[in-house]
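Treat the numbers as computed from the prediction; the structure is a model and nothing was measured. Chain letters run A, B, ... following the sequence lines, proteins first, then strands; residues in each count from 1.
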There are 2 protein chains.
Amino acid sequence: MQKGQIMERPLLEEIHDRLDEFTATERKAAHALLANYPMQGLGTVAQFADAAGVSSPTILRFVGRLGFPGFADFQKRLRQELENQLNTPLARSSAMESGPAQSDDPLVEQLVENVRETFEHLPKGELAGMIKLLADEKKTLHMIGGRFTDALARYMAAHLRIVRPNVNHVAGQQGNWLDQLIGIGPKDVIVVFDIRRYQNEIIRFAEAAAKQGATVTLITDSWMSPIGKIASFVLPARVAVPSPWDSSAALMAIAEVLIAGVTRENAERSQQRMQALEDLRNAHDPENDGEHRL
Amino acid sequence: MQKGQIMERPLLEEIHDRLDEFTATERKAAHALLANYPMQGLGTVAQFADAAGVSSPTILRFVGRLGFPGFADFQKRLRQELENQLNTPLARSSAMESGPAQSDDPLVEQLVENVRETFEHLPKGELAGMIKLLADEKKTLHMIGGRFTDALARYMAAHLRIVRPNVNHVAGQQGNWLDQLIGIGPKDVIVVFDIRRYQNEIIRFAEAAAKQGATVTLITDSWMSPIGKIASFVLPARVAVPSPWDSSAALMAIAEVLIAGVTRENAERSQQRMQALEDLRNAHDPENDGEHRL
DNA sequence: GCAATTCTGTAATAAAAAATACAAACGTTA
DNA sequence: TAACGTTTGTATTTTTTATTACAGAATTGC
């Protein structure tokens, strides 16, 4: 079917969406371009062809199918897109202040150092074991966090929900939490984010869950959280920075390593689910050409 | 694939410094290039000449004087520079390909490196300006994020809400978002977290807010977010890691630096509000033994 | 398993763009 | 102001690059 020629949509997206309209070699060209977008398109046809492992005419046919009369027009479009993005505050700053200029802010230094040290001291066994546990889809996962760390629980749940079933984020008010305790048993795994000051409600939730047979895992700022006593796996992170606040950057980093680990642990399933979700999104996404003016 | 080529300093700088070595018309060429760097150099010689108001040979002499054997070499250099900025310099090539590497997980290495590099390249002016803006309590702040980055918006809002009034997290469904647009005007500041793939709804929200006079700020993965065009401040972070997911750790780190900055910017007010909140908590929740770091 | 169709690369051709030669214009100095 | 050196554009040549024609390969349908 013929889509309306919306010239404003990024070429990147259009190529992505129309990937299956192309022939096998044209798709190789598309992938080469997407992999190094948009620079790959700004050289010569021959360079492009070489990088994609196809012949020059295939490149020409590819851009032709995208709707460009010639390669030059295609390049013009790419340059146009780049130019539009380049005249932004970001472009100004990143181009101008290109000096290395190590950060002199002690907060920044400490924060970066925290992330690095966290992994340096992270017990490998705990990490591997926890990944394996979280990858087991027969278990139901429940993420929970405190006042600030709730955002991390949410973040982790949003990702894991994509690569595996049975992922729950224990959100909302405390009363709500207790409701969710009802169904929890040996087949459940609780992932707790808990840094000082350790909130009583979370501690109680974790203890209750453990009592009902659930496996409790903990991502925390030290081994000091009371939950550590009942947790099967504990991952400690550095959180102290010269500020009234603790830093959650290292916690976030741990969460991401866990997410990546679970994804990798069962790559095919993850791949399938991601693809299925992608299809669903495309199917549901109405052609958004209507502009919303308010 | 990164060649052993030494990363010389940006051509932009060199041209700027050597501006008076050039002849009058060559300088016109230089200015045309600087005015639209580097896109102006990526077209044909004739286009370049036309834009600069000089003849083609002058362009050739200009690039010749810069030390390039031919125009093609000059373009190659420009493309190289762009590519280095578009992709993370280290991520795509070195981390992905060299499998064995250190004893450490390459994902972890890249993640830590991302956080470090993010701050190395973070434009100081943008950061300082943004902190000042966010510290202005006459403004109302609205945090918004995408599928995954919503957690960051939430996290940031949770913190800022403590140290200053008028902080809002634009949460929930899209329909909801539009409702919140109603009251937005020049006294509002939108903080957008947006990494690829950039979600249309968020873009529309930011655009609409900007149209109504609000100040838009952006924390993103590169200069490619369309919101960059309308944003007053843009803070870019490294997000690429060897995983199907992008890493938000650096985004989180930026958020924390902003939070700390705002807290510091108005230390007394922050102190007062934190104390007041503490008192409230103790009054309402006697179980909590009020240890609090400040 | 064969025919028809589609796809793809090789090689030739056409188009363009870069590079060059040269003369006019300009500026500088005697 | 005249003569010299430098700078600059026009016109031409040379080279590169895009494009096209066509035949062999691969795929699809019957």
Separation of D:dT8 C1' from B:Phe22 CZ (nearest whole Å): 17 Å
Partner residues of A:Arg116 under the salt bridge (Lys or Arg N to Asp or Glu O under 4.0 Å) criterion, sequence neighbours left out: A:Glu113, A:Glu120
Set of side-chain contact (heavy atoms from CB on, under 4.5 Å) partners for B:Ala153, sequence neighbours left out: B:Met143, B:His169, B:Phe193
Please tabulate, for side-chain N and O atoms in residues 38-56 of chain A, each donor-acceptor pair with protein atoms closer than 3.5 Å (sequence neighbours left out).
unit_1	atom_1	unit_2	atom_2	d
A:Thr44	OG1	A:Ala46	N	3.4
A:Thr44	OG1	A:Gln47	N	3.1
A:Gln47	OE1	A:Thr44	N	2.9
A:Ser55	OG	A:Thr58	OG1	3.4

Separation of atom CG in B:Asp50 from atom C1' in D:dT8, rounded to whole Å: 16 Å
Detail all sub-3.5 Å separations between protein N/O atoms and N/O atoms belonging to nucleotides 3-8 of chain C.
unit_1	atom_1	unit_2	atom_2	d
C:dT8	OP1	A:Thr25	N	3.0
C:dT8	OP1	A:Thr25	OG1	3.1
C:dT8	OP2	A:Thr23	OG1	2.4
C:dT8	OP2	A:Thr25	OG1	2.7
C:dT8	O5'	A:Thr25	OG1	3.1

Atom-to-atom span, CZ of A:Phe62 to P of D:dT20 - whole angstrom: 18 Å
Which residues share a ring-ring contact (aromatic ring centres under 6.0 Å, His included) with B:Phe74, sequence neighbours left out: B:Phe68, B:Phe71
Residues which pass ring-ring contact (aromatic ring centres under 6.0 Å, His included) with B:Phe148, listed by chain and number, not counting sequence neighbours: A:His159, B:Trp245
Pairing residues for B:Glu21 by the side-chain contact (heavy atoms from CB on, under 4.5 Å) criterion, not counting sequence neighbours: B:Arg18
Qualifying side chain to side chain donor-acceptor pair (under 3.5 Å) pairs, either residue in residues 63-75 of chain A, two or more places apart: A:Glu26-A:Arg65
Overall bend - the helix from C:dG1-D:dC30 to C:dA30-D:dT1, comparing terminal axes fitted on five pairs, nearest 10 degrees: 30°
Identified side-chain contact (heavy atoms from CB on, under 4.5 Å) counterpart of B:Phe233 within the set B:Val191, B:Val189, B:Thr217: B:Thr217
Salt bridge (Lys or Arg N to Asp or Glu O under 4.0 Å) involving A:Asp136 - partner list, sequence neighbours excluded: A:Lys138
Which residues share a side-chain contact (heavy atoms from CB on, under 4.5 Å) with B:Ala214, sequence neighbours left out: B:Ile184, B:Asp188, B:Ile190, B:Ala209
d(CD1, B:Ile59; P, D:dT10) in whole Å: 13 Å
Please produce a list of atom pairs where a protein N or O lies less than 3.5 Å from an N or O of nucleotides 14-19 of chain D.
unit_1	atom_1	unit_2	atom_2	d
D:dA18	OP1	A:Val45	N	3.0
D:dA18	OP2	A:Val45	N	2.9
D:dT19	OP1	A:Phe71	N	3.2
D:dT19	OP2	A:Phe71	N	3.1

